[in-house]
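Throughout, a chain's letter reflects where its sequence line sits, starting with A, and its residues are numbered from 1. As a basis for the values below, the full set of heavy atoms in this structure was taken, side chains included, without hydrogen atoms, waters or symmetry mates.
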Amino acid sequence: MPELPEVEVLVRHLAPVLANRIIRDVEVRRAKILRPTSERQIRDRLRGARIAGVSRRGKYLLFTLEGARTKAPFQLVGHLGMTGRMYLQPSAAPLPKHTAVAFDLGDARFVFEDTRYFGRLTLDTTAIAALGPEPFDEAFSVDYFATALRRSAQSIKVKLLDQSLVAGVGNIYASEALFCAGISPRLAARRLAREQVERLRETIRSVLDEAIGLGSTVPLNWGAETGERNGLFYYGLTSGTSRYYEERLRVYDRAGEPCVRCGVSIQRLVQAARSTYYCPGCQTGRRVTAKIKPAKIS
DNA sequence: CACCATGTTCCTTG
DNA sequence: CCAAGGAACATGGT
């Protein structure tokens, strides 16, 4: 679930339900996700703290907390990795199998579960500082984008995954944005023409914006464990809508299906060890000159 | 058993 | 030193 739109939708749902709540206790089931913060540091810092706000930077969640005694605000940084989820559940409900961390909020529990444990919940904010501009910020200007791309020999698809270029685009929306812009994922970043840079900047924004819009209207599964609509937020989809997002994607995971724009079969290719989906019929651009790997002599 | 998976961070190679 | 590529991380679904 976690690219910028999913994180944004999650933040919008979490912010009102977490605001002003006090963290009474912290249960750490998988200390590794706190890295480099220790379990003890987290507990000492968070116990008794008030959640002043929840926001987002790129794919990171930012929890602004206020210390129990000092009242000095500080930030707790979260990242969902590939499979992370965060939601509130009744205190009495059993913790899910892959719970990484859970906050005791008194009348409810805030759970961070992550099947693959690639996520993070930490006091270390250095990753945030390395992020590029937010896609919707004016700092993500055509000039900035063009200049940054001009310096890279990487394929444009791989470059879009670089969080220091622009924050929040992941593997799914990189393919989607390039499809909408009609640009081949294999085109070297530095080879994009000015008008392609302009178009791509626009489609990055529109694709992300559209996804946020869809996500905001997805019916959420309230009180999934108990069937009660008690105001506790559960991040997930109600049954029957599990493919809601996927059905709105134009090329991602659609290898072999006809392109919605020109009918040519969607292709899958691997770049930097990750899948890229694109339409060879209407996504143009010269591809990056193939590097010839010299034969290795044992 | 094989391969695939929404992400980031190391380590190696060039 | 830098850029690029790949493996590792950990678990589950086809």
Visitor: Would you mind reading off the distance between A/L161 atom CG and C/dG5 atom P, rounded to a whole angstrom?
Guide: 12 Å
Visitor: Run the salt-bridge test on A/R21 and A/D107 with the 4.0 Å N-O cut-off and return the result as yes or no.
Guide: yes
Visitor: Please set out all donor-acceptor pairs under 3.5 angstrom arising from side-chain atoms of residues 68-75 of chain A, sequence neighbours excluded.
Guide:
{"from": "A/T70", "atom 1": "OG1", "to": "A/A72", "atom 2": "N", "distance (Å)": "3.2"}
{"from": "A/Q75", "atom 1": "NE2", "to": "A/T64", "atom 2": "OG1", "distance (Å)": "3.3"}

Visitor: Whole-Å distance between B/dC3 P and A/R268 CZ?
Guide: 12 Å
Visitor: My understanding is that only residues two or more places apart in sequence, or in another chain, count here; which of them pass ring-ring contact (aromatic ring centres under 6.0 Å, His included) with A/F118?
Guide: none
Visitor: Could you tell me how far B/dT9 sits from C/dG12 if I compare only their C1' atoms? Round to whole Å.
Guide: 22 Å
Visitor: Sequence neighbours left out, what passes side chain to side chain contact (heavy atoms under 4.5 Å, CB included) with A/A177? Give chain and number order.
Guide: A/L200, A/T203, A/I204
Visitor: Atom CG of A/L249 to atom C1' of B/dA5: distance rounded to whole Å?
Guide: 14 Å
Visitor: Just compare B/dT8, B/dA5, B/dT6 and give me whichever is closest to any side-chain atom of A/E3.
Guide: B/dT6
Visitor: Which nucleotide wins on minimum distance to the side chain of A/N171, given the candidates C/dG5, B/dT8, B/dG7?
Guide: B/dG7
Visitor: May I have the distance from A/R254 (atom CZ) to B/dA5 (atom P), rounded to whole angstrom?
Guide: 16 Å
Visitor: Working to the nearest 0.5 Å, report the span between CZ of A/R30 and CG of A/L121.
Guide: 14.5 Å
Visitor: Roughly, in whole Å, what's the span from CD1 in A/I172 to C1' in B/dG7?
Guide: 11 Å
Visitor: Should A/K97 be listed as having a side-chain N or O under 4.0 Å from OP1 or OP2 of C/dG12?
Guide: yes
Visitor: Starting the side chain at C-beta, find the nucleotide from B/dA5, B/dT9, C/dA4 nearest to A/Q154.
Guide: C/dA4
Visitor: Side chain of A/H98 only, please: which of C/dT11, B/dT6, B/dT8 is the nearest?
Guide: C/dT11
Visitor: Can you check the A/R56 CZ to B/dT6 P distance for me, whole Å?
Guide: 20 Å
Visitor: What is the distance, rounded to the nearest whole Å, between atom CZ of A/R57 and atom P of B/dT8?
Guide: 13 Å
Visitor: With sequence neighbours left out, what residues match A/Y278 under ring-ring contact (aromatic ring centres under 6.0 Å, His included)?
Guide: none
Visitor: Return the polar atom pairs (N/O with N/O) between nucleotides 7-10 of chain C and the protein under 3.5 Å, or none.
Guide:
{"from": "C/dA10", "atom 1": "OP1", "to": "A/K32", "atom 2": "NZ", "distance (Å)": "2.6"}
{"from": "C/dA10", "atom 1": "O4'", "to": "A/R116", "atom 2": "O", "distance (Å)": "3.2"}
{"from": "C/dA10", "atom 1": "N1", "to": "A/R116", "atom 2": "NE", "distance (Å)": "3.2"}
{"from": "C/dA10", "atom 1": "N1", "to": "A/R116", "atom 2": "NH2", "distance (Å)": "2.6"}
{"from": "C/dA10", "atom 1": "N3", "to": "A/R116", "atom 2": "NE", "distance (Å)": "3.2"}

Visitor: Of the nucleotides B/dA5, B/dT8, B/dG7, which has the atom closest to the A/Y60 side chain?
Guide: B/dT8
Visitor: If you measure from the P atom in B/dC3 to the same atom in C/dA7, how many Å do you get, rounded?
Guide: 13 Å
Visitor: I would like to know whether A/D124 and A/T126 meet side-chain hydrogen bond (donor to acceptor under 3.5 Å, both in side chains); could you show each step before the answer?
Guide: CA-CA 6 Å; A/D124 175 32; A/T126 54; 3.0 Å; yes
Visitor: Quote, to the nearest angstrom, the C1' distance that separates B/dT8 from C/dG13.
Guide: 22 Å
Visitor: Pairing of DNA chain C as dot-bracket, 5' to 3': ( ) intra-strand, [ ] crossing, | other strand, . unpaired, with Watson-Crick or G-U pairs under 3.5 Å?
Guide: .||||||||.||||
Visitor: Going by the rule ring-ring contact (aromatic ring centres under 6.0 Å, His included), which residues pair with A/Y144 if we only count those two or more places apart in sequence or in a different chain?
Guide: none
Visitor: Tell me the salt bridge (charged side-chain N to carboxylate O under 4.0 Å, His left out) pairs involving residues 150-169 of chain A, sequence neighbours left out?
Guide: A/K159-A/D162
Visitor: Between A/V270 and A/K59, name the one whose nearest nucleotide on DNA chain B is closer to the 5' end.
Guide: A/V270
Visitor: Look at the side-chain N and O atoms of A/T83 and state whether any lies under 4.0 Å from the OP1 or OP2 oxygen of B/dA5.
Guide: no
Visitor: Roughly how many Å is it from CD in A/Q163 to C1' in B/dG7, rounded to a whole number?
Guide: 8 Å
Visitor: Output yes when at least one side-chain N/O atom of A/R274 is less than 4.0 Å from OP1 or OP2 of B/dT6, else no.
Guide: yes
Visitor: Taking ring-ring contact (aromatic ring centres under 6.0 Å, His included) as the definition, give me every residue that meets it alongside A/F103, ordered by chain and number, with sequence neighbours left out.
Guide: A/F110
